[in-house]
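All values derive from a computational prediction rather than experimental measurement.
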Amino acid sequence: AQDLAKPSGYLKVVLPPMRLAHFQAALGNSDFGLQTLRFFHSRDGDDAYLFEAVARRGTKPELKIRAPLVIYGPDGEYGQEVRQRMDGKL
């Protein structure tokens, strides 16, 4: 990514949580600063099964932890944000 990203360019990854430490270590050896981190959960109260991280080239880490994305609501249907993404509204 460092060879491909423009100066001040962004890198977004979606990985399982077990890879978070590896991802952070890789960032430590680059000129990307971690900007945001968000965890994805199947249902409210479940453990996260993915995380989304956004890093920016040429910046220091200014980590903001975003609210988790819960895929399914209590009714078993997709949550509002997931529906909006699927409909191309986000």
Side-chain angles (χ1 to χ4, degrees):
Q2 193 162 310
D3 293 338
L4 298 174
K6 296 179 182 178
S8 299
Y10 289 90
L11 167 67
K12 180 186 276 191
V13 299
V14 178
L15 296 167
M18 70 176 90
R19 298 291 179 227
L20 181 55
H22 297 112
F23 177 68
Q24 288 178 306
L27 284 181
N29 296 322
S30 73
D31 65 346
F32 283 91
L34 188 56
Q35 302 295 300
T36 65
L37 186 62
R38 186 178 199 190
F39 293 94
F40 296 0
H41 304 258
S42 290
R43 290 179 172 72
D44 193 28
D46 286 357
D47 290 342
Y49 71 96
L50 291 173
F51 73 87
E52 173 190 81
V54 177
R56 189 166 187 191
R57 188 171 182 195
T59 63
K60 294 182 180 181
E62 297 177 7
L63 182 59
K64 175 182 176 184
I65 305 293
R66 296 185 57 208
L69 175 62
V70 179
I71 306 299
Y72 298 103
D75 58 0
E77 299 293 325
Y78 288 124
Q80 181 180 0
E81 182 179 343
V82 174
R83 283 194 312 271
Q84 289 176 337
R85 288 180 179 273
M86 291 172 66
D87 293 339
K89 295 178 182 174
L90 284 182

Decide if atom CG of Asp44 counts as having more than 12 heavy atoms of other residues, nucleotides or ligands within a radius under 6.0 Å.
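Open.
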
Other residues, nucleotides and ligands only: do more than 12 of their heavy atoms fall within 6.0 Å of CG on Asp47?
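For Asp47, atom CG is not crowded (no more than 12 foreign heavy atoms under 6.0 Å).
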
Can you list, pair by pair, the side-chain donor-acceptor contacts under 3.5 Å of residues 3-27, counting residues two or more places apart and other chains?
residue	atom	partner	partner atom	Å
Tyr10	OH	Arg56	NE	3.4
Tyr10	OH	Arg56	NH1	3.1

Glu81/Arg38 salt bridge by N-O under 4.0 Å criterion:
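Result for this pair is yes, salt bridge flagged.
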
Side chain to side chain, [X] and [Y], heavy atoms closer than 4.5 Å:
{"X": "Gln2", "Y": "Asp31", "value": "yes"}
{"X": "Tyr49", "Y": "Phe40", "value": "yes"}
{"X": "Glu52", "Y": "Arg66", "value": "yes"}
{"X": "Tyr72", "Y": "Glu77", "value": "no"}

Going from [atom1] on [X] to [atom2] on [Y], what distance comes out if it is rounded to the nearest 0.5 angstrom?
{"X": "Thr36", "Y": "Lys64", "atom1": "OG1", "atom2": "NZ", "result": "8.0 Å"}
{"X": "Arg85", "Y": "Leu69", "atom1": "CZ", "atom2": "CG", "result": "6.5 Å"}
{"X": "Leu63", "Y": "Gln35", "atom1": "CG", "atom2": "CD", "result": "8.5 Å"}

Hydrophobic cluster membership, with links at side-chain heavy-atom distances under 4.5 Å among I/L/V/M/F/W/Y: are Leu90 and Val70 in one?
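No, it is not one cluster - the side chains of Leu90 and Val70 are not joined through contacts under 4.5 Å.
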
Count I, L, V, M, F, W, Y as connected when their side-chain heavy atoms are under 4.5 Å apart, and connections chain through other members. Are Tyr78 and Leu50 then in the same cluster?
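As far as the 4.5 Å side-chain criterion goes, Leu50 and Tyr78 are connected within one cluster.
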
Got a donor-acceptor contact below 3.5 angstrom from the His41 side chain to the Asp46 backbone?
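Such a contact is found between His41 side chain and Asp46 backbone.
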
